Amino acid sequence: MSGLPDAAAADPVLPEVVMHLHRPNDPGTARVVESRLCMAGKSASYVRHLALDVSGTEIAGRFRAGQSFGVLTPGENDKGRPHAPRLYSIASPTAGEDGNGAVLATTVKRTIDEHHDDHALFLGVASNYLCDLQVGDEVRVSGPNGKRFLLPAEQADWNYVFFATGTGIAPFRGMLGDLYQTDAPAPDRTTLVMGSPYRTDLLYDEEFTQLARAHDGLSYLTAISRETPDGVGRGQYVQDVLTSHRDHFTDLLTRPNTLVYICGIAGMELGIFQALAGSLPPEVLARFLVVDPEAAAEPGSWSRRMIHKQIKPTRRVFLEVY
Ligand code: NAP
(Lines give C-alpha, C1' and ligand atoms only; values in the text may rest on other atoms or scores of the structure.)
Protein backbone atom coordinates (compact mmCIF):
# COMPACT_ATOMS: atom_id res chain seq x y z
CA MET A 1 0.00 0.00 0.00
CA SER A 2 1.41 3.39 -0.92
CA GLY A 3 -1.27 4.97 1.31
CA LEU A 4 -3.97 7.35 0.23
CA PRO A 5 -4.25 10.75 1.94
CA ASP A 6 -7.85 10.09 2.98
CA ALA A 7 -8.78 6.81 1.44
CA ALA A 8 -12.45 7.00 2.40
CA ALA A 9 -12.84 10.28 0.52
CA ALA A 10 -10.45 9.92 -2.43
CA ASP A 11 -11.62 8.78 -5.82
CA PRO A 12 -9.57 6.43 -7.96
CA VAL A 13 -7.41 8.13 -10.58
CA LEU A 14 -7.46 6.35 -13.91
CA PRO A 15 -4.41 6.09 -16.14
CA GLU A 16 -4.21 7.96 -19.42
CA VAL A 17 -4.98 5.70 -22.35
CA VAL A 18 -4.72 6.08 -26.08
CA MET A 19 -7.71 5.42 -28.30
CA HIS A 20 -8.69 5.22 -31.98
CA LEU A 21 -5.19 4.54 -33.27
CA HIS A 22 -6.99 2.79 -36.08
CA ARG A 23 -10.35 4.19 -37.15
CA PRO A 24 -12.82 1.83 -38.83
CA ASN A 25 -12.02 3.53 -42.18
CA ASP A 26 -8.30 2.91 -41.63
CA PRO A 27 -8.18 -0.48 -39.90
CA GLY A 28 -5.11 -2.45 -38.95
CA THR A 29 -4.61 -6.05 -39.99
CA ALA A 30 -4.29 -8.62 -37.23
CA ARG A 31 -3.70 -12.35 -37.56
CA VAL A 32 -5.33 -15.13 -35.56
CA VAL A 33 -2.78 -17.02 -33.46
CA GLU A 34 -5.15 -19.03 -31.26
CA SER A 35 -8.82 -19.98 -31.16
CA ARG A 36 -10.10 -22.33 -28.49
CA LEU A 37 -13.33 -23.00 -26.63
CA CYS A 38 -13.19 -21.65 -23.11
CA MET A 39 -16.18 -23.17 -21.33
CA ALA A 40 -15.79 -25.52 -18.40
CA GLY A 41 -17.32 -28.52 -20.11
CA LYS A 42 -19.79 -29.51 -22.78
CA SER A 43 -22.07 -26.51 -22.98
CA ALA A 44 -24.99 -25.52 -25.19
CA SER A 45 -23.06 -22.33 -26.02
CA TYR A 46 -19.91 -21.83 -28.02
CA VAL A 47 -17.57 -19.28 -26.49
CA ARG A 48 -14.10 -18.90 -27.92
CA HIS A 49 -10.91 -17.41 -26.62
CA LEU A 50 -9.53 -15.77 -29.73
CA ALA A 51 -5.98 -14.42 -29.69
CA LEU A 52 -4.87 -11.98 -32.38
CA ASP A 53 -1.36 -10.92 -33.30
CA VAL A 54 -1.64 -7.15 -33.69
CA SER A 55 2.09 -6.57 -34.10
CA GLY A 56 1.60 -5.05 -37.57
CA THR A 57 -0.84 -2.45 -36.24
CA GLU A 58 -0.67 0.75 -34.18
CA ILE A 59 -2.52 -1.07 -31.41
CA ALA A 60 0.48 -3.23 -30.50
CA GLY A 61 1.78 -2.36 -27.03
CA ARG A 62 -0.69 0.52 -26.69
CA PHE A 63 -3.87 -1.01 -25.28
CA ARG A 64 -4.78 -1.50 -21.63
CA ALA A 65 -6.72 -4.23 -19.88
CA GLY A 66 -10.37 -3.15 -19.77
CA GLN A 67 -10.36 -1.46 -23.18
CA SER A 68 -12.03 -2.91 -26.24
CA PHE A 69 -11.25 -3.01 -29.95
CA GLY A 70 -13.32 -2.99 -33.12
CA VAL A 71 -13.77 -5.84 -35.58
CA LEU A 72 -14.63 -5.16 -39.20
CA THR A 73 -16.53 -8.09 -40.65
CA PRO A 74 -16.00 -8.54 -44.39
CA GLY A 75 -18.99 -8.31 -46.69
CA GLU A 76 -22.13 -6.22 -46.65
CA ASN A 77 -25.34 -6.06 -44.70
CA ASP A 78 -28.80 -6.52 -46.22
CA LYS A 79 -28.81 -2.85 -47.27
CA GLY A 80 -25.65 -3.34 -49.30
CA ARG A 81 -23.46 -1.37 -46.89
CA PRO A 82 -20.34 -2.61 -45.10
CA HIS A 83 -21.10 -4.22 -41.75
CA ALA A 84 -20.82 -1.77 -38.87
CA PRO A 85 -17.71 -2.28 -36.73
CA ARG A 86 -18.45 -4.32 -33.63
CA LEU A 87 -16.63 -3.75 -30.33
CA TYR A 88 -15.15 -6.64 -28.34
CA SER A 89 -13.65 -6.42 -24.88
CA ILE A 90 -9.96 -7.16 -24.62
CA ALA A 91 -9.51 -10.25 -22.44
CA SER A 92 -5.75 -9.82 -22.09
CA PRO A 93 -3.63 -8.01 -19.55
CA THR A 94 -2.00 -4.78 -20.62
CA ALA A 95 1.10 -6.76 -21.58
CA GLY A 96 -0.99 -8.89 -23.92
CA GLU A 97 -1.03 -12.66 -24.15
CA ASP A 98 2.64 -12.64 -25.11
CA GLY A 99 4.04 -10.27 -22.47
CA ASN A 100 4.93 -7.64 -25.07
CA GLY A 101 1.53 -6.30 -26.03
CA ALA A 102 1.74 -7.82 -29.50
CA VAL A 103 -1.04 -10.38 -28.99
CA LEU A 104 -4.44 -9.47 -27.63
CA ALA A 105 -7.29 -11.84 -26.92
CA THR A 106 -11.04 -11.52 -26.72
CA THR A 107 -13.86 -13.78 -25.58
CA VAL A 108 -16.50 -14.33 -28.24
CA LYS A 109 -19.81 -16.11 -27.89
CA ARG A 110 -21.48 -17.27 -31.08
CA THR A 111 -24.82 -15.49 -31.33
CA ILE A 112 -27.27 -18.19 -32.41
CA ASP A 113 -30.95 -17.32 -32.18
CA GLU A 114 -34.30 -17.36 -33.96
CA HIS A 115 -35.84 -14.39 -35.75
CA HIS A 116 -38.86 -13.21 -33.78
CA ASP A 117 -41.23 -12.89 -36.74
CA ASP A 118 -40.75 -16.21 -38.57
CA HIS A 119 -38.47 -18.16 -36.18
CA ALA A 120 -35.88 -18.64 -38.92
CA LEU A 121 -32.30 -19.20 -37.76
CA PHE A 122 -30.42 -16.00 -36.91
CA LEU A 123 -26.65 -16.03 -36.77
CA GLY A 124 -24.84 -12.98 -35.39
CA VAL A 125 -22.60 -11.65 -38.14
CA ALA A 126 -19.46 -10.60 -36.29
CA SER A 127 -19.45 -13.26 -33.57
CA ASN A 128 -19.79 -16.12 -36.03
CA TYR A 129 -17.24 -14.58 -38.38
CA LEU A 130 -14.76 -14.40 -35.51
CA CYS A 131 -15.51 -17.88 -34.21
CA ASP A 132 -15.13 -19.36 -37.72
CA LEU A 133 -11.65 -17.87 -38.18
CA GLN A 134 -8.72 -20.26 -38.32
CA VAL A 135 -5.20 -19.74 -37.03
CA GLY A 136 -3.35 -17.71 -39.65
CA ASP A 137 -6.45 -15.87 -40.92
CA GLU A 138 -6.36 -12.08 -41.12
CA VAL A 139 -8.86 -9.78 -39.36
CA ARG A 140 -9.32 -6.04 -39.79
CA VAL A 141 -9.32 -4.27 -36.44
CA SER A 142 -9.81 -0.76 -35.10
CA GLY A 143 -9.26 0.84 -31.71
CA PRO A 144 -8.35 0.66 -28.96
CA ASN A 145 -11.61 1.98 -27.48
CA GLY A 146 -12.67 3.02 -24.01
CA LYS A 147 -11.14 5.12 -21.26
CA ARG A 148 -13.48 4.51 -18.30
CA PHE A 149 -13.51 0.78 -17.56
CA LEU A 150 -9.93 0.56 -16.34
CA LEU A 151 -7.98 -0.30 -13.24
CA PRO A 152 -6.82 2.79 -11.37
CA ALA A 153 -3.29 4.04 -11.90
CA GLU A 154 -2.29 3.03 -8.36
CA GLN A 155 -3.54 -0.53 -8.63
CA ALA A 156 -2.25 -1.84 -5.34
CA ASP A 157 -3.86 0.95 -3.31
CA TRP A 158 -7.31 -0.54 -3.85
CA ASN A 159 -9.31 -3.67 -3.20
CA TYR A 160 -11.62 -4.95 -5.90
CA VAL A 161 -14.92 -6.69 -6.40
CA PHE A 162 -15.45 -7.83 -9.98
CA PHE A 163 -18.94 -8.95 -11.00
CA ALA A 164 -19.12 -10.72 -14.39
CA THR A 165 -21.85 -12.53 -16.26
CA GLY A 166 -21.04 -14.63 -19.31
CA THR A 167 -18.58 -13.03 -21.72
CA GLY A 168 -18.53 -10.00 -19.41
CA ILE A 169 -15.66 -11.91 -17.83
CA ALA A 170 -13.32 -10.75 -20.64
CA PRO A 171 -12.02 -7.47 -19.16
CA PHE A 172 -11.60 -9.08 -15.73
CA ARG A 173 -9.34 -11.79 -17.12
CA GLY A 174 -7.12 -8.96 -18.36
CA MET A 175 -7.33 -6.97 -15.14
CA LEU A 176 -6.50 -10.01 -13.01
CA GLY A 177 -3.42 -10.48 -15.16
CA ASP A 178 -2.40 -6.89 -14.42
CA LEU A 179 -3.07 -7.31 -10.70
CA TYR A 180 -1.55 -10.75 -10.11
CA GLN A 181 0.72 -11.70 -12.99
CA THR A 182 3.23 -8.86 -13.05
CA ASP A 183 6.09 -7.83 -10.76
CA ALA A 184 4.03 -4.92 -9.39
CA PRO A 185 2.66 -5.21 -5.82
CA ALA A 186 -0.68 -7.02 -5.68
CA PRO A 187 -3.74 -5.54 -3.99
CA ASP A 188 -4.76 -6.77 -0.54
CA ARG A 189 -8.03 -8.28 -1.66
CA THR A 190 -9.82 -9.00 -4.92
CA THR A 191 -13.00 -11.01 -5.30
CA LEU A 192 -14.17 -12.17 -8.70
CA VAL A 193 -17.81 -13.22 -8.93
CA MET A 194 -18.69 -15.03 -12.15
CA GLY A 195 -22.29 -15.74 -13.15
CA SER A 196 -23.29 -18.42 -15.67
CA PRO A 197 -26.46 -20.35 -16.44
CA TYR A 198 -24.83 -23.76 -15.88
CA ARG A 199 -21.55 -24.81 -14.32
CA THR A 200 -20.39 -26.00 -17.76
CA ASP A 201 -20.79 -22.42 -19.08
CA LEU A 202 -18.17 -20.98 -16.71
CA LEU A 203 -15.45 -19.33 -18.77
CA TYR A 204 -11.74 -19.71 -17.97
CA ASP A 205 -12.85 -21.57 -14.84
CA GLU A 206 -9.67 -23.61 -14.45
CA GLU A 207 -7.50 -20.54 -15.02
CA PHE A 208 -9.26 -18.53 -12.28
CA THR A 209 -9.32 -21.49 -9.90
CA GLN A 210 -5.54 -21.83 -10.26
CA LEU A 211 -4.94 -18.08 -9.96
CA ALA A 212 -7.01 -17.87 -6.76
CA ARG A 213 -5.19 -20.89 -5.36
CA ALA A 214 -1.87 -19.12 -5.98
CA HIS A 215 -2.87 -15.80 -4.34
CA ASP A 216 -4.25 -15.60 -0.80
CA GLY A 217 -5.89 -12.23 -1.41
CA LEU A 218 -7.82 -13.39 -4.47
CA SER A 219 -11.21 -15.10 -4.14
CA TYR A 220 -13.09 -16.65 -7.02
CA LEU A 221 -16.82 -17.21 -6.49
CA THR A 222 -19.34 -18.52 -8.98
CA ALA A 223 -23.09 -17.94 -9.21
CA ILE A 224 -24.91 -20.57 -11.25
CA SER A 225 -28.40 -19.44 -12.18
CA ARG A 226 -30.06 -22.59 -13.46
CA GLU A 227 -28.69 -25.25 -11.14
CA THR A 228 -29.30 -25.85 -7.46
CA PRO A 229 -27.72 -28.49 -5.22
CA ASP A 230 -31.05 -30.38 -4.92
CA GLY A 231 -32.38 -29.55 -8.39
CA VAL A 232 -35.23 -27.49 -6.97
CA GLY A 233 -35.90 -23.75 -7.39
CA ARG A 234 -33.76 -21.01 -8.92
CA GLY A 235 -30.01 -20.93 -8.62
CA GLN A 236 -27.90 -17.87 -7.87
CA TYR A 237 -27.34 -14.58 -9.64
CA VAL A 238 -24.06 -12.77 -9.03
CA GLN A 239 -25.72 -10.31 -6.62
CA ASP A 240 -26.90 -13.21 -4.43
CA VAL A 241 -23.34 -13.83 -3.21
CA LEU A 242 -23.63 -10.59 -1.22
CA THR A 243 -26.06 -12.51 0.97
CA SER A 244 -24.63 -16.02 0.75
CA HIS A 245 -21.11 -14.70 1.57
CA ARG A 246 -22.24 -11.83 3.78
CA ASP A 247 -19.20 -11.76 6.09
CA HIS A 248 -16.76 -11.85 3.19
CA PHE A 249 -18.42 -8.88 1.48
CA THR A 250 -19.03 -6.95 4.66
CA ASP A 251 -15.31 -7.07 5.31
CA LEU A 252 -14.37 -6.22 1.72
CA LEU A 253 -16.90 -3.46 1.05
CA THR A 254 -16.49 -1.68 4.37
CA ARG A 255 -12.77 -1.26 3.76
CA PRO A 256 -12.23 2.39 2.84
CA ASN A 257 -10.56 1.61 -0.46
CA THR A 258 -12.68 -0.91 -2.35
CA LEU A 259 -13.83 -0.52 -5.95
CA VAL A 260 -16.71 -2.35 -7.64
CA TYR A 261 -16.61 -3.34 -11.32
CA ILE A 262 -19.62 -4.77 -13.18
CA CYS A 263 -19.52 -6.24 -16.68
CA GLY A 264 -21.97 -8.36 -18.60
CA ILE A 265 -25.65 -8.66 -19.15
CA ALA A 266 -27.79 -5.52 -18.99
CA GLY A 267 -29.88 -5.70 -15.83
CA MET A 268 -27.25 -7.18 -13.55
CA GLU A 269 -26.29 -3.72 -12.33
CA LEU A 270 -29.77 -3.12 -10.88
CA GLY A 271 -29.70 -6.38 -8.94
CA ILE A 272 -26.20 -5.63 -7.64
CA PHE A 273 -27.18 -2.11 -6.55
CA GLN A 274 -30.27 -3.45 -4.77
CA ALA A 275 -28.20 -6.09 -3.01
CA LEU A 276 -25.59 -3.50 -1.98
CA ALA A 277 -28.36 -1.27 -0.62
CA GLY A 278 -29.81 -4.20 1.26
CA SER A 279 -26.57 -5.27 2.85
CA LEU A 280 -24.47 -2.14 3.54
CA PRO A 281 -24.95 0.51 6.21
CA PRO A 282 -25.86 3.89 4.65
CA GLU A 283 -22.44 5.48 5.22
CA VAL A 284 -20.71 2.61 3.41
CA LEU A 285 -23.31 2.42 0.63
CA ALA A 286 -22.73 6.13 -0.01
CA ARG A 287 -19.20 5.36 -1.22
CA PHE A 288 -20.74 3.39 -4.08
CA LEU A 289 -24.19 4.82 -4.70
CA VAL A 290 -25.80 8.20 -4.19
CA VAL A 291 -29.50 7.47 -3.77
CA ASP A 292 -32.31 10.02 -3.73
CA PRO A 293 -33.81 10.09 -0.22
CA GLU A 294 -37.28 9.07 -1.39
CA ALA A 295 -35.86 5.99 -3.17
CA ALA A 296 -33.48 5.02 -0.37
CA ALA A 297 -36.01 3.27 1.85
CA GLU A 298 -37.20 0.76 -0.73
CA PRO A 299 -34.45 -0.73 -2.88
CA GLY A 300 -36.85 -3.55 -3.74
CA SER A 301 -38.88 -1.13 -5.85
CA TRP A 302 -35.95 0.29 -7.82
CA SER A 303 -36.01 -0.01 -11.61
CA ARG A 304 -33.29 0.21 -14.22
CA ARG A 305 -34.63 3.56 -15.42
CA MET A 306 -33.65 5.10 -12.07
CA ILE A 307 -29.96 4.34 -12.54
CA HIS A 308 -27.94 7.52 -13.18
CA LYS A 309 -31.00 9.56 -12.07
CA GLN A 310 -32.27 8.64 -8.59
CA ILE A 311 -29.54 5.99 -8.14
CA LYS A 312 -26.15 7.38 -9.11
CA PRO A 313 -23.10 5.14 -9.05
CA THR A 314 -20.07 6.99 -7.64
CA ARG A 315 -16.61 6.96 -9.17
CA ARG A 316 -15.89 3.81 -7.22
CA VAL A 317 -18.29 1.86 -9.41
CA PHE A 318 -17.35 0.89 -12.96
CA LEU A 319 -20.09 -0.30 -15.29
CA GLU A 320 -19.97 -2.00 -18.69
CA VAL A 321 -23.23 -3.72 -19.40
CA TYR A 322 -25.21 -4.27 -22.58
P1 NAP B 1 -24.69 -15.98 -20.16
O2 NAP B 1 -23.65 -17.03 -20.36
O3 NAP B 1 -26.07 -16.23 -20.65
O4 NAP B 1 -24.73 -15.63 -18.60
C5 NAP B 1 -25.49 -14.60 -18.10
C6 NAP B 1 -25.83 -14.94 -16.67
O7 NAP B 1 -26.42 -13.80 -16.06
C8 NAP B 1 -26.87 -16.07 -16.60
O9 NAP B 1 -26.57 -16.88 -15.50
C10 NAP B 1 -28.15 -15.30 -16.39
O11 NAP B 1 -29.14 -16.07 -15.73
C12 NAP B 1 -27.65 -14.20 -15.50
N13 NAP B 1 -28.57 -13.06 -15.43
C14 NAP B 1 -29.63 -12.79 -16.23
N15 NAP B 1 -30.24 -11.66 -15.80
C16 NAP B 1 -29.56 -11.24 -14.72
C17 NAP B 1 -29.73 -10.15 -13.83
N18 NAP B 1 -30.73 -9.28 -13.99
N19 NAP B 1 -28.86 -10.02 -12.82
C20 NAP B 1 -27.85 -10.90 -12.66
N21 NAP B 1 -27.64 -11.95 -13.45
C22 NAP B 1 -28.49 -12.13 -14.48
O23 NAP B 1 -24.17 -14.60 -20.72
P24 NAP B 1 -23.75 -14.20 -22.20
O25 NAP B 1 -24.69 -14.80 -23.19
O26 NAP B 1 -22.29 -14.44 -22.38
O27 NAP B 1 -24.05 -12.65 -22.16
C28 NAP B 1 -23.19 -11.77 -21.55
C29 NAP B 1 -23.65 -10.35 -21.78
O30 NAP B 1 -22.58 -9.52 -21.45
C31 NAP B 1 -24.05 -10.03 -23.20
O32 NAP B 1 -25.23 -9.27 -23.13
C33 NAP B 1 -22.90 -9.19 -23.71
O34 NAP B 1 -23.31 -8.22 -24.66
C35 NAP B 1 -22.43 -8.53 -22.44
N36 NAP B 1 -21.00 -8.17 -22.49
C37 NAP B 1 -20.69 -6.88 -22.28
C38 NAP B 1 -19.37 -6.49 -22.40
C39 NAP B 1 -19.02 -5.07 -22.24
O40 NAP B 1 -19.90 -4.28 -21.94
N41 NAP B 1 -17.75 -4.73 -22.43
C42 NAP B 1 -18.37 -7.42 -22.64
C43 NAP B 1 -18.72 -8.73 -22.81
C44 NAP B 1 -20.07 -9.11 -22.71
P45 NAP B 1 -30.42 -16.71 -16.47
O46 NAP B 1 -30.20 -16.62 -17.94
O47 NAP B 1 -30.46 -18.12 -15.95
O48 NAP B 1 -31.58 -15.89 -16.01
Side-chain angles (χ1 to χ4, degrees), residues 19 37-50 63-71 85-92 104-113 122 124-128 130-131 143-151 161-175 192-205 221-228 233-244 260-276 278 299-300 302-307 317-322:
M19 295 193 290
L37 291 171
C38 52
M39 295 90 66
K42 191 162 168 45
S43 158
S45 303
Y46 297 93
V47 185
R48 290 196 158 265
H49 175 80
L50 186 75
F63 59 86
R64 283 195 85 92
Q67 287 189 292
S68 50
F69 68 103
V71 171
R86 175 75 210 267
L87 290 183
Y88 284 88
S89 290
I90 293 174
S92 306
L104 64 74
T106 187
T107 314
V108 194
K109 179 176 184 174
R110 286 188 186 272
T111 301
I112 303 171
D113 209 339
F122 170 80
V125 172
S127 67
N128 284 290
L130 286 175
C131 287
N145 298 73
K147 59 180 180 179
R148 296 271 318 123
F149 201 77
L150 302 169
L151 289 174
V161 184
F162 295 152
F163 289 103
T165 50
T167 51
I169 194 66
F172 299 135
R173 179 178 180 271
M175 290 178 182
L192 169 65
V193 187
M194 170 62 174
S196 292
Y198 298 97
R199 196 150 283 284
T200 48
D201 298 320
L202 289 169
L203 305 176
Y204 306 110
D205 182 54
L221 305 176
T222 58
I224 305 301
S225 59
R226 301 185 199 170
E227 290 176 34
T228 54
R234 175 170 91 69
Q236 273 200 321
Y237 276 173
V238 283
Q239 56 268 30
D240 297 331
V241 300
L242 290 165
T243 315
S244 63
V260 172
Y261 289 68
I262 299 170
C263 186
I265 202 157
M268 67 186 289
E269 71 281 33
L270 175 65
I272 291 169
F273 292 167
Q274 290 174 310
L276 289 173
W302 291 358
S303 67
R304 244 192 122 205
R305 282 197 321 275
M306 295 164 75
I307 296 175
V317 176
F318 298 77
L319 273 180
E320 279 248 328
V321 290
Y322 52 76

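For ligands, and for the atoms within them, numbers begin at 1 and follow the listed sequence. Treat the numbers as computed from the prediction; the structure is a model and nothing was measured.
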Heteroatom proximity flag, Pro171 to ligand 1, N/O under 3.5 Å: no
Side-chain (Ser43) to main-chain (Ser45) donor-acceptor, under 3.5 angstrom: yes
Salt-bridge contact Glu320-Arg148 (side-chain N to carboxylate O under 4.0 Å): no
Residue part near ligand 1, for Met268, under 4.0 Å between non-hydrogen atoms: both
Gln239 to ligand 1, any heavy atom closer than 4.0 Å: yes
Protein heavy-atom partner closest to atom 4 (O) of ligand 1 - residue, atom, separation in Å: Pro197 CD, 3.5 Å
Shortest reach to atom 26 (O) of ligand 1 by a heavy atom, considering only Val108, Thr165, Thr167, Ile262: Thr167
Aromatic plane relationship, Tyr261 with Phe318 - under 30° parallel, 30 to 60° tilted, over 60° perpendicular: parallel
Student check: side-chain heavy atoms of Leu242 and Leu276 closer than 4.5 Å: yes
Element-labelled atoms of ligand 1 that are located less than 4.0 Å from some non-hydrogen atom of Gly267: 18 (N)
Proximity flag Ser196 to ligand 1, non-hydrogen atoms under 4.0 Å: yes
Residue and atom name of the nearest protein heavy atom (relative to atom 25 (O) of ligand 1), distance in Å to one decimal: Lys109 NZ, 2.6 Å
Protein heavy-atom partner closest to atom 48 (O) of ligand 1 - residue, atom, separation in Å: Tyr237 OH, 2.5 Å
Residue portion contacting ligand 1 (non-hydrogen atoms closer than 4.0 Å) for Tyr322: both
Atoms in ligand 1 flagged as close to Arg226, the criterion being non-hydrogen separation under 4.0 Å: 45 (P), 46 (O), 47 (O)
Ligand-side contact atoms (ligand 1) for residue partner Ser89, heavy atom cut-off under 4.0 Å: 39 (C), 41 (N), 42 (C)
Check ion pair Asp240-Arg234 (N to O, under 4.0 angstrom): yes
Which of the ligand 1 atoms, numbered from 1, are nearer than 4.0 Å to a heavy atom of Gly168: 43 (C), 44 (C)
Gln236 and Ser244 side chains, donor-acceptor separation under 3.5 Å: yes
Subset of ligand 1 atoms that lie under 4.0 Å from at least one heavy atom of Cys263: 38 (C), 39 (C), 41 (N), 42 (C)
Whether Ala170 lies under 4.0 Å from ligand 1, heavy atom: no
Pair Ser68, Asn145: side-chain N/O donor-acceptor within cut-off below 3.5 Å: no
Ligand 1 contact by Asp201, heavy-atom criterion under 4.0 angstrom: no
Enumerated ligand 1 atoms positioned under 4.0 Å from heavy atoms of Ser225: 8 (C), 9 (O), 10 (C), 11 (O), 45 (P), 47 (O)
Distance (rounded to the nearest 0.5 Å) between Ile224 CD1 and Tyr198 OH: 11.0 Å
Closest protein heavy atom (residue, atom, distance) for atom 23 (O) of ligand 1: Gly166 CA, 3.4 Å
Side chain to side chain contact (heavy atoms under 4.5 Å, CB included) between Arg48 and Leu37, intermediate numbers included: CA-CA 4 Å; Arg48 290 196 158 265; Leu37 291 171; 3.8 Å; yes
Min side-chain heavy-atom separation Cys263-Phe163 under 4.5 Å: no
Check: Thr107/Tyr204 side-chain N/O donor and acceptor closer than 3.5 Å: yes
Geometric class of the Phe69/Tyr88 ring pair [parallel <30°, tilted 30-60°, perpendicular >60°]: tilted
Nearest-neighbour protein heavy atom for atom 41 (N) of ligand 1, which is reported as residue plus atom name and distance: Glu320 OE1, 2.7 Å
